[in-house]
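Proteins get letters first, then strands, A, B, ... in listed order; numbering begins at 1 in each.
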Amino acid sequence: MIALLIAAPLLGAAVLLCGGRRLDKAGHWIGTALAFVSFGLGAVLFAGLLGRGAEDRTLVQHLYSWVPVEGFQADVAFRLDQLSITFVLLITGVGSLIHVYSIGYMEHDERRRRFFGYLNLFLAAMLILVLADNYLLLYLGWEGVGLASYLLIGFWQHKPSAATAAKKAFLVNRVGDMGLSIAVMLMFTTFGTFAFTPVLDSVGAATSGAAAPVGEGTLTAIALMLLLAACGKSAQVPLQSWLGDAMEGPTPVSALIHAATMVTAGVYLIVRSGAIFDAAPDAQLVVTVVGAVTLIFGAIVGCAKDDIKKALAGSTMSQIGYMVLAAGLGPIGYAVAIMHLVTHGFFKAGLFLGAGSVMHGMNDEVDMRKYGGLRKYMPVTFVTFGLGYLAIIGFPGLSGFFSKDLIIEAAFAKGGVQGWILGTVTLVGAGITAYYMTRVMLMTFFGEERWRNLPAASPDAPDVEPAAGHGGVPHPHESPKVMTVPMIVLAFGSVFAGAFFGIGERFVHWLEPVTSFEHGHPPVSALTVTAATVTVMAIGVGLAWLHYGRRPVPVVAPRGSLLTRAARRDLYQDDFNHVVLVRGGEHLTRSLVYVDHTLVDGVVNGTAAGVGGLSSRMRRLQNGFARSYAVSMFGGTAVLVAATLLMRAV
Amino acid sequence: MSFPLLTATAVLPALGAVATAAVPAARRTAAKWLALLVSLATLVLAVVVAVRFEPGGARYQLTETYEWIPAFGVRWELGVDGIGVALMLLTALLIPFIVLAGWHDADPLETRSKRWRPTQGFFALILMVEAMVILSFEATDVFLFYIFFEAMLIPMYFLIGGFGDRAHQGGEEAAATQRSYAAVKFLLYNLAGGLIMLAAVIGLYVAAGSFSLPDIVAARASGELEMGANTERLLFLGFFFAFAVKAPLWPLHTWLPNAMGEATAPVAVLITAVVDKVGTFAMLRFCLGLFPEASKWATPVVLVLALISIVYGALLAVGQRDIKRLVAYASISHFGFIILGIFVMTSQGQSGATLYMVNHGISTAALMLVAGFLISRRGSRLIADYGGVQKVAPVLAGTFLIGGLATLSLPGLAPFVSEFLVLVGAFARYPVVGIIATFGIVLAALYTLVLYQRTMTGPVKPELVKLPDLRVRELAVVAPLIALLIFLGVYPKPLTDLVNPAVRHTMSDVQEHDPEPEVEAAK
C-alpha cells in the first residue's frame with residue numbers, strides 16, 4: 001500500500017518520459033490522474049492511521065533488501081507514521097493541485113508532456129524521501145528530488161540563464177549531500193546501521209545511560225553533517241544562493257518544489273533526527289543560529305527584489321529559517337516547526353500560483369515595477385493572493401498567525417539570553433515579513449497602472465519567460481478556471497488550516513508520539529508575545545504603505561541605499577562565491593591541466609627515458625617501428641604457443 | 001571429463017576473430033554480423049558460467065587444469081570466483097554493444113583503395129581483445145595470466161593506432177600523427193609495466209616454486225611457504241606497478257587520455273571499461289592474495305595515490321575542452337575510487353570496488369558511446385563546438401544525461417551503490433580518507449553538469465540545426481545499458497550475492513576484520 005503510493009507517480013514519470021510524442025495529447029491528464037491516485041491512497045492510509053491508537057500509528061513495510069553486503073545492510077523499507085503521513089498529504093495534496101494548475105499554465109508549451117513527467121518524478125522522489133525507513137533510502141529520495149528540481153529549473157533549457165541556474169542548484173545541493181553522506185557513514189561506524197529505529201533508539205538509550213555511551217562529540221558531528229545537508233536542500237545560509245536563481249523554472253515548479261515541499265526537506269530531516277539533535281546541544285545551537293541568520297537574510301533580500309518571484313523566494317528562505325530555528329529548539333519546537341511548514345505549504349504555494357497567474361495575464365512580465373492596479377482585472381487572483389498575503393504576515397485568525405506565533409513563543413521559551421535573542425530575531429523577522437509582503441501586494445495590485453505606458457523597453461528581454469511573448473502593451477486578464485480553482489483551494493487552506501491545527505493543539509498532539517513535545521515556558525506570557533507580534537506586524541505593514549502605497553512607485557528602480565543595493569545582489573554572497581570558488585577553481589583546473597600535460601607526463605616519460613634510454617627509441621618507434629615490433633612479438637608468441645602445444649601432442 | 005566451459009568462453013571469441021578476419025574483402029557486412037553473433041554467443045556462454053557458478057560453494061569453481069610447459073610448472077589452469085564471474089559477465093556483455101556501436105567506424109573511406117580491408121580487422125581485433133581479457137579473468141596460473149595480460153596489448157595497439165577517431169580538428173594528417181603517438185604511448189607504458197611484472201613473476205617462481213595461485217595462497221596460509229618481508233615487498237611492487245599502469249593510477253595515468261581521445265568511442269570504451277578492469281581485478285586477486293603482508297605495508301602510499309587520482313582526475317576533467325578526454329579523466333577519478341576500495345581492507349570497500357568495476361564499465365559505456373554518436377554527427381570532439389543539442393535531438397540528449405548522472409553516481413543508478421560502499425568502507429577504517437574522497441562526488445557533479453550544459457543546453461548552434469536524433473541501431477546500444485544501470489541501481493542483490501563470498505575469501509587472505517561499530521566495540 002505504501003509502495004503503491006510511490007509507484008503511482010513513478011509509473012507516470014516512466015510512461016510520460018519514455019512514451020514519446022504519441023502521448024502529447026493525453027500526457028498531462030495521465031500525470032495529473034496519477035498524482036490524484038497517490039493523494040487518494042495517502043488519504044486512505046491517513047484514515048487507517050486515525051483508526052489506531054496514538055501510540056500504534058507506525059507502519060513499516062519492508063519491500064526487499066537493497067544493498068546486502070558483509071556487515072552492511074540497506075533495505076528498501078518504508079515507514080508510515082504521523083510525521084510522514086503529514087508530509088504525504090501535503091506533498092500529494094498540494095502536488096495534485098499544482099498538476100491541475102499546470103495544465104493551464106503550460107498549455108502553450110510544446111514539451112508539456114515532459115513537464116508532467118518531471119513533476120511526477122518529483123512526487124515519487126519526494127515521497128521516497130519522507131517515507132524511507134533508513135537514511136540511505138532517504139538519501140535516494142533526497143537526490144531524486146534534487147534531480148527533479150534540476151530538470152525543472154532548467155526546463156526551458158534553451159535559455160542559458162535557466163541552464164546555469166539548474167546546474168548551480170544541483171551543485172550547491174551536492175555540497176549539502178556531502179554532509180548527508182558523511183552523516184550516514186558516521187552512523188554506520190558508530191551504530192553499525194543507519195535505519196531510523198535502531199539509530200534513534202540507541203541514541204536515546206545511550207544518552208539516558210541505558211546502553212553503552214556514545215561520545216557527544218560523535219553525535220555533534222553527525223548532527224552538524226545533517227545540518228549541512230539541510231542547509232543545502234532548504235536554502236539556508238551559507239548554502240542559500242541557489243534558491244533565487246531557481247526561479248528561472250516555470251512558476252508551478254517554484255510553487256511546488258521551491259516553496260511548498262522540496263525546500264522543506266531539510267526541516268523534515270532535522271525533525272526526523274530529533275533524538276540525535278537532542279543529544280547534541282552544541283549542534284542545536286548552531287541550528288538555531290543558522291535559522292535566525294537565514295530568517296533575517298531572506299527577509300532583507302525579499303524587501304529589495306523587484307522580480308515578484310525572487311521577492312517570494314526571499315520570503316521562502318526566511319520562512320524556512322523560522323522552521324529551522326524552531327527545529328533547533330528541541331522538543332518544544334519540532335511539532336511547531338512542522339506545523340508552520342504545513343501552513344507555509346498552503347499559503348506560499350498559493351502566493352506563487354497567484355504570481356504565476358499575474359504573469360500569465362501580463363505577458364510573462366516578472367518586474368513588479370511594471371505592474372500596478374491589477375486588482376480590477378484579476379479579481380480571483382487578487383482575492384486568493386490577498387488571503388495568502390494575510391496568512392503569511394500572520395494576520396490574526398489566519399493560518400500563519402497560529403503557526404508563526406507558536407514559533408516566536410517557543411523561541412522566547414528557550415530561556416536565558418539565547419531565548420531573548422532568538423525571540424527578538426523572530427519578532428523582528430515578523431515585522432520585515434509584513435513589510436516586504438505588503439510591498440509586493442501594493443506594487444502588484446494597487447496604485448496606478450504602470451504597465452499602460454511603459455518606456456520602450458521590450459517585454460521579451462532575455463530574462464523573461466518565453467511562453468507567450470506577444471509584446472506590446474499587456475492586456476491583463478483573469479486566468480482560466482483550471483488555474484484559479486487550485487488557487488481558491490489553497491487560499492481556503494491558508495485561511496483555515498492554522499485555526500484547525502492550532503486550536504486545542506490538535507496538530508501538536510498528533511505529532512507528539514513521533515517528535516515528542518514539551519510545553520515551553522516563555523519568560524513573558526503568551527498573550528504578551530501575541531500582542532507584540534501583531535504590533536510588529538502592523539508596524540511593518542504601515543511602513544510599507546508609507547513607502548509604496550502613498551507614494552507612486554517609479555517604473556525604473558531608484559539607486560537605493562547601500563543596504564538596498566546589497567540586498568538586490570543577495571548581500572554579495574553570490575559575488576563572493578564567484579570570485580573565490582568559480583574563479584579560483586578555474587585557475588586551479590587550468591593550471592592543473594598544464595601541470596598534467598608538461599610536468600606529470602614529462603616526469604614519467606623522462607624517468608622511463610632515463611632508466612632505459614627509451615626517449616630516443618620512442619622517436620624511432622613512432623615511425624612505424626612499434627607496429628612491426630608488435631607484430632613480431634605477436635608472431636613470436638603465436639609460434640611459442642604452437643610449438644609448446646605441438647610438443648605436448650608428440 | 002566435463003566440458004571445459006571456461007576455455008570455451010575464451011576460445012569462442014578467439015576463433016570468431018580468426019573467422020571474421022578471414023571474411024572476403026567485399027563481404028564487409030557479413031563480417032560485422034559474424035562478429036556480432038560471436039560476441040552474443042560468448043555472452044550466452046558467460047551467462048551459463050554465471051548460472052553454473054554457486055556463490056556459496058568452493059572459492060574457485062569450474063576449474064580446468066592441463067599440463068602445458070611441465071619444465072617450468074606452467075599449467076593451463078583456469079577457475080573463477082565471484083569477482084571473476086562478475087567481470088567476465090561485464091566483458092561479455094559490453095562487447096556486443098561495442099561491436100554494434102562501432103558498426104560504421106571501420107568502413108573504408110572513399111579515398112582508400114579497394115583492397116584496403118580494415119573492417120574485418122577492426123572487428124576481429126575487438127574479439128581478440130575479448131578473448132584475452134576473459135582469459136585474464138579466468139587464469140589462476142600466474143604465468144598464464146601474465147601471458148594474456150601482455151598479449152592483449154597487441155590487438156589494443158592496432159585498434160588505437162589503426163582506427164582512430166575521424167573527428168579531428170587538425171585534419172587527417174594531424175589525426176594520424178596523434179593517433180600513432182597515443183598508440184605508442186599506450187604500448188610503451190604498458191610494456192614497461194609488463195616487463196617489471198615479468199621479473200616479479202619469475203621471482204615468485206623462484207621463491208614459491210609454483211605458478212599456481214591457489215597452491216601458493218594455500219601454502220602461505222598454512223605456513224609451509226615462508227617469504228622474507230623484503231622479498232614479498234619487492235615482488236608486490238613488481239606486480240603492483242604493472243597493474244597501476246593498466247588501471248591507471250596517478251601518476252602513471254597520462255597514457256589514458258591520449259589513448260581514449262584518439263581512439264574511436266567504442267575502442268575507448270573497450271580500453272576503459274574492459275581492458276583497464278584487468279588491472280584493478282589483478283590487484284584484488286594477485287596483490288592481495290599472494291602478498292597480504294606487503295599489501296598492508298604499502299596501503300598508506302596506495303591510499304594517498306588513490307585519493308590523488310580521485311581529486312586530481314576530477315579536477316582535470318573539469319578543465320578539459322575535449323569531450324572524450326573529459327570522460328577519460330573522469331575514469332581516472334573513478335579508478336581512484338576502485339583502488340581505494342580495494343586497499344582500505346574492509347568488506348564494504350572491496351565489495352564496493354568490485355561492484356564499482358562492473359558499474360563503471362556500464363556507465364562509462366553509456367556515456368562514451370552516446371558521446372561517440374554525437375561526435376560522429378558533428379565531426380568534432382571539442383565541447384565548444386556544441387550547444388543546444390537537446391532541442392534538436394532530445395533522445396540523444398536524454399540518454400547522454402542519464403549516462404552523465406550515472407557517472408556522477410546519482411542514487412537510484414548503479415554506480416551510487418558501489419561508490420557509497422567504497423566511501424563507507426574507507427570511512428570505517430580511515431575517516432579522513434573517506435571525507436576527502438567524498439569531495440569527489442561534488443567534483444563529479446561539476447564536470448558532468450558543465451559538460452551537459454555546454455553541449456546540450458542553450459541556443460542551438462547553427463551547424464547543429466539539422467542534427468539527427470539517435471537511430472534505431474544507436475538506441476539499441478544505449479537503451480539496454482540504461483535499463484541495466486537502473487536495474488542494478490535499485491536491485492544490486494544478484495551482483496552482491498555473487499561477490500560477497502569472494503570478498504570474504506580475500507579478507508581472510510589478508511587476515512583483516514572489519515572495524516566494529518563504536519556501540520558494539522564499547523560493550
Determine, step by step, whether A/Lys167 and B/Thr457 satisfy the side chain to side chain contact (heavy atoms under 4.5 Å, CB included) criterion, reporting the C-alpha distance in whole Å, the side-chain angles of both residues, the deciding distance to 0.1 Å, and the verdict. CA-CA 11 Å; A/Lys167 183 190 67 186; B/Thr457 71; over 6 Å; no
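- Counting heavy-atom pairs closer than 4.5 Å to chain A, the top residue among B/Ala428, B/Pro492, B/Ala426, B/Ala183 is B/Pro492.
- The part of B/Val417 that comes within reach of chain A is its side chain, from C-beta onward, which places non-hydrogen atoms under 4.5 angstrom from that chain.
- For a residue to count as touching a neighbouring chain, one of its non-hydrogen atoms must lie under 4.5 Å from one of that chain's; by this rule B/Ser351 touches chain A with the side chain only.
- Annotation: maximal heavy-atom pairing with chain B below 4.5 Å, among A/Pro68, A/Pro160, A/Ser65, occurs at A/Pro68.
- Within the 4.5 angstrom heavy-atom criterion, only side-chain atoms of B/Leu401, from C-beta onward, approach chain A.
- In this structure the side chain of B/Pro394 never reaches within 4.5 angstrom of the side chain of A/Arg111, judged on heavy atoms.
- The most heavy-atom pairs under 4.5 Å with chain A, out of B/Asp514, B/Val318, B/Ile441, come from B/Ile441.
- A/Asp201 is linked by a salt bridge (Lys or Arg N to Asp or Glu O under 4.0 Å) to nothing, counting only residues two or more places apart in sequence or in another chain.
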A/Tyr150 and B/Leu410: CA distance, side-chain angles, deciding distance, side chain to side chain contact (heavy atoms under 4.5 Å, CB included) verdict: CA-CA 12 Å; A/Tyr150 168 79; B/Leu410 188 85; over 6 Å; no
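- At a 4.5 Å heavy-atom cutoff, the contact between B/Phe439 and chain A is made by backbone and side-chain atoms alike.
- Contact count versus chain A (heavy atoms, under 4.5 Å) is highest, among B/Ile435, B/Leu316, B/Leu446, for B/Leu316.
- Residues meeting the salt bridge (Lys or Arg N to Asp or Glu O under 4.0 Å) test with A/Lys168, sequence neighbours left out: A/Asp245, A/Asp574.
- Using a 4.5 Å cut-off between heavy atoms, B/Val395 does not touch chain A at all.
- Formation of a donor-acceptor pair under 3.5 Å by the A/Glu70 side chain with backbone atoms of B/Gln348 is not found in this model.
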Quick one, B/Met456 with A/Gln157, criterion side chain to side chain contact (heavy atoms under 4.5 Å, CB included). Give me CA distance, side-chain angles, the key distance, then yes/no. CA-CA 8 Å; B/Met456 299 296 168; A/Gln157 287 183 325; 5.8 Å; no
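- The local environment of NZ in B/Lys493 is sparse, with at most 12 non-hydrogen atoms from other residues, nucleotides or ligands closer than 6.0 Å.
- The salt bridge (Lys or Arg N to Asp or Glu O under 4.0 Å) pairs that include a residue from residues 416-437 of chain B are B/Arg429-B/Glu512, where partners are two or more places apart or lie in different chains.
- Interface remark: of the candidates A/Val175, A/Leu147, A/Leu588, A/Leu147 forms the most heavy-atom pairs closer than 4.5 Å to chain B.
- Classified by interplanar angle (parallel below 30°, tilted 30° to 60°, perpendicular above 60°), the ring pair B/Phe420/A/Phe194 is perpendicular.
- Nearest approach of A/Arg174 to B/Ser409, heavy atoms of both residues: NH2-O, 3.6 Å.
- Contacts with chain B (heavy atom to heavy atom, under 4.5 Å) involve these residues of residues 137-145 of chain A, listed by number: A/Tyr139, A/Leu140, A/Glu143.
- Ranked by heavy-atom pairs shorter than 4.5 Å toward chain B, the options A/Thr164, A/Val76, A/Leu17 are led by A/Thr164.
- Comparing A/Ile128, A/Asn173, A/Leu136, A/Thr218 by heavy-atom pairs within less than 4.5 Å of chain B, the highest count is held by A/Leu136.
- For B/Pro251, the parts lying under 4.5 angstrom from a heavy atom of chain A are both the backbone and the side chain.
- Of the residues considered (B/Val490, B/Thr346, B/Thr496, B/Leu405), B/Val490 shows the highest number of contacts with chain A, using heavy-atom pairs under 4.5 Å.
- Considering only heavy-atom pairs separated by less than 4.5 Å from chain B, the leading option among A/Leu186, A/Leu151, A/Asp177, A/Thr193 is A/Leu186.
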